[in-house]
Amino acid sequence: MTHANAPAETPPRSTLVVTAHAGDFVWRAGGAIALAASRGEKVTIACLTFGERGESAKAWREGRNLEEIKAIRREEAEKAAAALGAEVRFFDAGDYPLVASAELTDQLVAVYRETQPDVVLTHPVEDPYNGDHPAANRMALEARILAQAIGYPGAGDIIGAPPVFYFEPHQPEMSGFRPEVLLDITEVWDTKRKAMECLGAQQHLWAYYTDLAVRRGVQLKRNAGPNLGLAHNTMAEAFMRPFPQIAKELA
């Protein structure tokens, strides 16, 4: 029984991930998601498309039709999200191309207001190899702004200004990406790898993103100072910040 004057429980921290395709959240931010979930935080993944046209070549070569491929990618993403400890929601907006629209942005506003995120993860602004990623970025940022506006119609309370982190694109040097934040994911690496292995449609990426985690881990150790006791096999993910970091001390 709760006493009338007892302080209200603080809700768990909330992370919102806005991703273009069914696999993106695993490759780019699976470690960040698993870390948040391991701390008891709520993680919601807004998956705008299944990647059914542009990122399911294996299934197309096997002679699958569009609806079969969507079902395959949905199941893979659900298993991966469950492995990471997150909830995934599918918008089925259609990929290649993913077209930014007012209707889809409005749906994202509703998700922002419902989840009240403390942190937002999404694609960076640039990706010359995949126009769906910048489209997802534009809608994620616009929805964040609209969700703050008290006059914007829709259910739910307005949000504050959650910090945004861009996760690493597949070819960062071609996408204006700088690894400004290196996140140590060593303790949840096995969880991320398990989630990666749920994505059979993109098995060719398993080794690439394992190698990338190793490289970013090396960079993390190089930038962390000599006395932090970091593991030899440190694994990491890289992120970029589009907005200023707010701080009371420099660290």
In this structure, would Val181 and Val120 fall into the same cluster of hydrophobic residues linked by side-chain contacts under 4.5 Å? no
Do Asp95 side-chain atoms and Arg53 backbone N/O form a donor-acceptor pair below 3.5 Å? yes
Below 4.5 Å, heavy atoms only, C-beta onward: do Leu98 and Leu104 meet side chain to side chain? yes
Show, in sequence, the C-alpha distance, side-chain angles and deciding distance for Val43 and Glu87, and conclude whether the side chain to side chain contact (heavy atoms under 4.5 Å, CB included) test is met. CA-CA 6 Å; Val43 183; Glu87 174 196 358; over 6 Å; no
Testing Arg89, Gln107, Met139 one by one against Leu48 for a side-chain contact (heavy atoms from CB on, under 4.5 Å), which residue passes? Met139
Look at the side chain of Asp118 and the backbone N and O of Ser14, then say whether any donor-acceptor pair between them is shorter than 3.5 Å. yes
Within the distance-only criterion (no hydrogens, no angle test), does the side chain of Gln203 pair as donor or acceptor with the backbone N or O of Glu197 below 3.5 angstrom? no
Val18 and Leu108: side chain to side chain contact (heavy atoms under 4.5 Å, CB included), yes or no, with the steps? CA-CA 9 Å; Val18 181; Leu108 286 175; 4.2 Å; yes
Any Pro128 side-chain heavy atom under 4.5 Å of Ser175 side chain: yes
Test side chain to side chain contact (heavy atoms under 4.5 Å, CB included) on Leu16 and Leu121; report intermediate values, then the result. CA-CA 6 Å; Leu16 176 61; Leu121 309 179; over 6 Å; no
Group every Ile, Leu, Val, Met, Phe, Trp and Tyr by side-chain heavy-atom contacts under 4.5 Å, then state whether Val88 and Phe91 land in the same group. no
Min side-chain heavy-atom separation Pro162-Val119 under 4.5 Å: no
Candidates Arg28, Arg178, Arg216 - the one meeting salt bridge (charged side-chain N to carboxylate O under 4.0 Å, His left out) with Glu168: Arg216
salt_bridge(Arg138, Glu142) N-O dist < 4.0 Å: no
Can you label the angle between the His133 ring and the His123 ring as parallel, tilted or perpendicular, going by 30° and 60°? parallel
Taking atom CZ as the centre, does Arg64 end up with more than 12 heavy-atom neighbours from other residues, nucleotides or ligands that are less than 6.0 angstrom away? no
Any ion pair linking Arg113 and Asp157 (charged N to carboxylate O, less than 4.0 Å)? no
Between Lys194 (side chain) and Ala80 (backbone), is there a donor-acceptor pair under 3.5 Å? no
For Phe177 and Tyr166, run ring pair (Phe, Tyr, Trp, His ring centres under 6.0 Å): C-alpha distance rounded to whole Å, both residues' side-chain angles, the deciding distance at 0.1 Å, then the answer. CA-CA 9 Å; Phe177 181 86; Tyr166 292 162; 8.3 Å; no
Donor-acceptor pair, Asn223 side chain versus Gln219 backbone, under 3.5 Å? yes
Would a distance-only check, ignoring hydrogens and angles, find a side-chain to backbone donor-acceptor pair under 3.5 Å from Glu52 to Ile69? no
Could you check whether the rings of His170 and Tyr208 sit parallel, tilted or perpendicular, using 30° and 60° as the cut-offs? tilted
Audit row: Asp132, His21, side-chain hydrogen bond (donor to acceptor under 3.5 Å, both in side chains) steps and yes/no: CA-CA 8 Å; Asp132 291 359; His21 309 112; 2.8 Å; yes
Measure the shortest side-chain to side-chain distance between Thr15 and Glu41 over non-hydrogen atoms and say whether it is less than 4.5 angstrom. yes
With heavy-atom distances below 4.5 Å as the criterion, would you say the side chains of Ile158 and Gln148 are in contact? no
Any side-chain heavy-atom pair from Phe165 and Leu183 closer than 4.5 angstrom? no
Go through the steps for Thr122 and Val164 under the test side chain to side chain contact (heavy atoms under 4.5 Å, CB included), then give the verdict. CA-CA 8 Å; Thr122 194; Val164 177; 4.3 Å; yes
Kindly say whether Thr115 contributes a backbone atom to a donor-acceptor pair with the side chain of Thr44 at under 3.5 angstrom? no
Just wondering, more than 12 heavy atoms not from Arg61 lying within 6.0 Å of its CZ? no
Are the side chain of Trp27 and the backbone of Leu205 linked by a donor-acceptor contact shorter than 3.5 Å? no
Could Glu76 and Arg73 be called an ion pair, given the rule that one side-chain N must be under 4.0 Å from one carboxylate O? yes
Heavy-atom side-chain proximity of Trp189 to Thr210 below 4.5 angstrom: yes
Are side-chain heavy atoms of Glu55 and Gln202 found at a separation under 4.5 Å? yes
Between the side chain of Thr49 and the main-chain N/O of Ala20, is any donor-acceptor distance below 3.5 Å? yes
